[in-house]
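Shown next, in structure tokens, is the structure this report addresses.
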Amino acid sequence: MNVHAPLSVSIEDLRSRVGQELGVSSWKTIDQDRIDRFAAVTEDLQFIHVDPERALAEAPFGGTIAHGFLTLSLLSAMGQEALPTIRDRTMGINYGLERVRFLSPVSVGARLRGRFTLSEVSMRSDTQALLRYQVTVEIDGAEKPALAAEWITLAMLG
């Protein structure tokens, strides 16, 4: 079941929801084409990512796996889909990642989704709100998630 966030909230609404899960994205499929395109852009062409036959024969994962940073790069799309729009926001900046922990390999064909829990809202000024989210990227049918991270965004207001 997908949990979708409300369409639009104020900063005050967000402050009252610290500690709560704000949204869950839909499932994203990691197919070999997506892995290959990421490998081409990053020039990370290790066989475990781009050579299905060799990965099947030599690696313990039953085939190719996604780059960890491919999984991490999906956070923006997942967040845009799952998180509420902030009223009066003129722009959002992906401000950084405080902690990232890769927990489980993502096999080709796996489906992933992001879960976003708001952990902090702080005002840097009248026009800037810093938001921290605890994010987990789940693998459909797996016990362990692909990764967990603390994701920081900066909302420009006004």
Side-chain angles (χ1 to χ4, degrees), residues 1-42 44 49 61 64-158:
M1 178 177 92
N2 286 342
V3 178
H4 292 283
L7 293 178
S8 179
V9 297
S10 68
I11 287 294
E12 293 76 27
D13 293 335
L14 283 178
R15 283 189 175 143
S16 72
R17 296 184 68 189
V18 168
Q20 296 177 18
E21 184 173 88
L22 291 189
V24 179
S25 74
S26 63
W27 294 104
K28 312 281 184 217
T29 300
I30 303 298
D31 59 17
Q32 191 62 50
D33 180 60
R34 185 183 292 243
I35 293 171
D36 290 345
R37 287 183 287 129
F38 189 86
V41 169
T42 62
D44 182 349
H49 304 303
F61 307 113
T64 55
I65 60 171
H67 301 73
F69 289 106
L70 166 56
T71 303
L72 186 64
S73 73
L74 294 172
L75 283 183
S76 291
M78 291 174 177
Q80 185 172 1
E81 179 183 301
L83 295 172
T85 300
I86 300 169
R87 269 187 239 127
D88 299 323
R89 187 188 85 166
T90 57
M91 181 175 65
I93 299 170
N94 190 357
Y95 205 59
L97 295 155
E98 193 69 29
R99 289 183 279 283
V100 177
R101 176 93 179 171
F102 297 101
L103 299 168
S104 190
V106 176
S107 297
V108 67
R111 294 183 337 139
L112 306 176
R113 73 177 175 185
R115 301 186 81 90
F116 296 82
T117 298
L118 182 64
S119 59
E120 181 183 339
V121 176
S122 59
M123 297 303 294
R124 294 186 60 188
S125 70
D126 290 344
T127 59
Q128 295 183 1
L130 192 70
L131 300 109
R132 291 178 181 265
Y133 299 95
Q134 297 304 313
V135 181
T136 303
V137 176
E138 299 175 324
I139 305 168
D140 192 13
E143 279 188 40
K144 286 178 71 176
L147 66 85
E150 182 176 9
W151 188 33
I152 306 165
T153 63
L154 184 64
M156 308 303 276
L157 310 169

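Excluded from the calculations below are hydrogen atoms, water molecules and symmetry mates; all remaining heavy atoms, backbone and side chain alike, are included. Throughout, numbering of the chain's residues begins at 1 and tracks the sequence. Because the structure is predicted, anything quoted here is derived from the model rather than measured.
Side-chain contact between L22 and V9 is absent, with no heavy atoms from C-beta onward closer than 4.5 Å. For the pair L74/V137, no side-chain contact is recorded, criterion being any heavy-atom separation below 4.5 Å from C-beta on. Residues M78 and L112 meet the side-chain proximity criterion, which asks for heavy atoms closer than 4.5 Å.
In this structure T71 satisfies the side chain to side chain donor-acceptor pair (under 3.5 Å) test with no other residue, sequence neighbours excluded. Residues passing the ring pair (Phe, Tyr, Trp, His ring centres under 6.0 Å) test with F102, sequence neighbours excluded: F69. Partners of T90 under the side chain to side chain donor-acceptor pair (under 3.5 Å) rule, at least two apart in sequence or in another chain, do not exist in this structure. With sequence neighbours excluded, no residue forms a ring pair (Phe, Tyr, Trp, His ring centres under 6.0 Å) with Y95. Residues passing the ring pair (Phe, Tyr, Trp, His ring centres under 6.0 Å) test with H67 are F38, H49, sequence neighbours excluded.
Counting only distance, with no hydrogens or angles, the side chain of S107 and the backbone of A110 share no donor-acceptor pair below 3.5 Å. Between the E21 side chain and the R115 main chain, no donor and acceptor come within less than 3.5 Å of each other. Listed for the S25 side chain is no donor-acceptor partner under 3.5 Å among the backbone atoms of E81.
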Pairs under 3.5 angstrom only: tabulate donor-acceptor contacts from the side chains of residues 147-158 to other protein residues two or more places apart or in another chain.
| unit_1 | atom_1 | unit_2 | atom_2 | d |
| --- | --- | --- | --- | --- |
| E150 | OE1 | R99 | NH2 | 2.8 |
| E150 | OE2 | R132 | NH1 | 3.0 |
| W151 | NE1 | N94 | OD1 | 2.5 |

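When every heavy atom of W27 is checked against every heavy atom of R113, the shortest pair comes out as CZ2-NE, 3.4 Å. Taking all atoms of both residues into account, the shortest heavy-atom contact from I11 to A129 is CD1-CB, 3.7 Å. Shortest non-hydrogen contact noted between S122 and E120 is OG-OE2, 3.5 Å.
With rounding to the nearest 0.5 Å, the separation of CG in D13 from CD1 in I86 is 10.5 Å. Here R37 contributes atom CZ and D31 contributes atom CG; the two are 7.0 Å apart, rounded to the nearest 0.5 Å. Here T64 contributes atom OG1 and I35 contributes atom CD1; the two are 4.5 Å apart, rounded to the nearest 0.5 Å. Expressed to the nearest 0.5 Å, how far CG of L70 lies from CG of D36 amounts to 10.5 Å. If you take CG on L14 and CG on L131, they are separated by 6.0 Å, rounding to the nearest 0.5 Å. The CD atom of E12 lies 14.0 Å from the CZ atom of R17; values are rounded to the nearest 0.5 Å.
Within 6.0 Å of CG on D33 lie more than 12 heavy atoms contributed by other residues, nucleotides or ligands. Open room surrounds CD on Q80; 12 or fewer heavy atoms of other groups in view lie less than 6.0 Å from it.
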message: If you apply the rule side-chain contact (heavy atoms from CB on, under 4.5 Å), what do you find for L97 with L75, and how did you get there?
response: CA-CA 11 Å; L97 295 155; L75 283 183; 4.2 Å; yes

